[in-house]
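Report on the following structure.
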Amino acid sequence: MIGGVGADDPYYTTLLQPALEKSGVDTGSIEESVTAQTGSASIIVEEGSGENRILVVPGANHSGLMGDVDGIVRVTQRSEVVVLQGEIPRETTVGIPLSALRGTAVLIMNETEVVQMARSIAGLPVPGDVCVDDDQFDPADFAGKFHEMAGVEVVLITLGAKGVYFSTRAGKCGTVTGVKVAQVVDTTAAGDTFVGYFSTAVARFLATGKGLDEFEEVEQAVSVANAAAAMCVQRRGAMQSIPFAYDME
């Protein structure tokens, strides 16, 4: 894991770092900043629906190593799979114009993000009246644009309770049906869970020596990741709600 915390944060050294390392996460690349405090995220969960809103104070994650692209590259050179998300500085992810997306291995977005990405970030032609709540929203059309114009190998669009649409440049596509749960308790970390499980599947596949253009197991990988996310939303909290692999057996 790459990130930044405040050097004087006792909670990181006594609580978060031990919890991460107990889970098998290498914390050697987490910088302890003397110029910025640890960031924070206040999560508000709606009763009944379990939907959440997050108020983020970025803190140390927006300085130091997280703003050092060369440092990121040095740390990740030995990695099979590198996961980047859009909540860190634009200069770290090299921005998100269409040129930066070109050749991306896997692009994961929810149904709101894919419209925003296509219209305002990637600059793809999207009718101004398309929104995710009407019949004009076609995930296959959006995925095709990212394949064709940005060369993205695998596009995943999460559709909430409706499931996940997947598409590959090789032509494999479809929708994995959403997993019904008895009660949604807290949606916090559901997306992180999905990305983590899918990334693990990608890493295991690439370890066989094959290229992502041969990833025929994409639907199975999406199904497992979707099931893990469904288990996550039935638990309270963030990191502690993410299921381990043995929970999925």
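These figures come from a predicted structure and were not determined experimentally.
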Which donor-acceptor pairs under 3.5 Å do side chains of residues 147-155 form with protein atoms, sequence neighbours excluded?
from, atom 1, to, atom 2, distance (Å)
H147, ND1, V152, O, 2.7
H147, NE2, S167, O, 3.4
H147, NE2, S167, OG, 2.8

Let me have the donor-acceptor pairs involving side chains of residues 10-23, under 3.5 Å, with sequence neighbours excluded, atom names and distances please.
from, atom 1, to, atom 2, distance (Å)
T13, OG1, P10, O, 3.2
T14, OG1, P10, O, 2.6
Q17, NE2, T27, OG1, 3.3
E21, OE2, T27, OG1, 2.6
S23, OG, A19, O, 3.1

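- Within 6.0 Å of CZ in R102 there are more than 12 heavy atoms belonging to other residues, nucleotides or ligands.
- Separating the CG atom in L156 from the CE atom in M109 is a distance of 8.5 Å, to the nearest 0.5 Å.
- No continuous path of ILVMFWY side-chain contacts below 4.5 Å connects L159 to V176, so the two sit in separate hydrophobic clusters.
- Every residue meeting the side-chain hydrogen bond (donor to acceptor under 3.5 Å, both in side chains) condition with D141, not counting sequence neighbours, appears here in chain and number order: K145.
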Distance-only donor-acceptor pairs under 3.5 Å for side chains of residues 186-196, two or more places apart:
from, atom 1, to, atom 2, distance (Å)
D186, OD1, T188, N, 2.9
D186, OD1, T188, OG1, 2.6
D186, OD2, G237, N, 3.2
T187, OG1, G50, O, 3.0
T187, OG1, N52, N, 3.3
T187, OG1, N52, ND2, 2.5
T193, OG1, A189, O, 2.8

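- Here the CD1-CE distance, from I30 to M1, works out to 5.5 Å after rounding to the nearest 0.5 Å.
- In terms of the side-chain hydrogen bond (donor to acceptor under 3.5 Å, both in side chains) criterion, residue partners of T38 (sequence neighbours excluded) are, by chain and number, D9.
- Across every non-hydrogen atom of N110 and T112, the tightest pair is OD1-N, 3.0 Å.
- If you take SG on C232 and CD on Q240, they are separated by 9.5 Å, rounding to the nearest 0.5 Å.
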What donor-acceptor contacts under 3.5 angstrom involve side-chain atoms of residues 214-231, with partners at least two apart or in another chain?
from, atom 1, to, atom 2, distance (Å)
E214, OE2, G211, N, 3.3
S223, OG, E219, O, 3.0
N226, ND2, T177, O, 3.3

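- A single hydrophobic cluster is not seen to contain both L107 and V83; linkage of ILVMFWY side chains at heavy-atom distances under 4.5 Å, directly or through other members, places them apart.
- At least one side-chain heavy atom of V114 sits under 4.5 Å from a side-chain heavy atom of F146.
- Taking Ile, Leu, Val, Met, Phe, Trp and Tyr as hydrophobic and joining them when side-chain heavy atoms fall under 4.5 Å apart, one finds F244 in a cluster with Y246.
- Between R236 atom CZ and S241 atom OG the span is 11.0 Å, to the nearest 0.5 Å.
- Counting heavy atoms from C-beta on, the side chains of I44 and L55 never come closer than 4.5 Å.
- Residues V5 and M239 fall within the same hydrophobic cluster, defined by Ile, Leu, Val, Met, Phe, Trp and Tyr side chains chained together at heavy-atom separations under 4.5 Å.
- One hydrophobic cluster, built from ILVMFWY side chains closer than 4.5 Å, holds both F166 and L206.
- Within the model, atoms CD of Q37 and CG of D8 stand 6.5 Å from one another, a figure rounded to the nearest 0.5 Å.
- Nearest heavy atoms, F142 versus I157: CB-CD1, 4.4 Å.
- Among residues two or more places apart in sequence or in another chain, the side chain to side chain contact (heavy atoms under 4.5 Å, CB included) test is passed with A140 by D138, Y165.
- Taking the side chain as every heavy atom from C-beta outward, D247 and R235 approach each other to under 4.5 Å.
- To the nearest 0.5 Å, atom CD of residue E113 and atom OG1 of residue T158 are 7.0 Å apart.
- V164 and F198 fall within the same hydrophobic cluster, defined by Ile, Leu, Val, Met, Phe, Trp and Tyr side-chain heavy atoms under 4.5 Å apart, directly or through other members.
- When hydrophobic residues (I, L, V, M, F, W, Y) are linked wherever their side-chain heavy atoms come within less than 4.5 Å, the members clustered with V181 are V184, V233.
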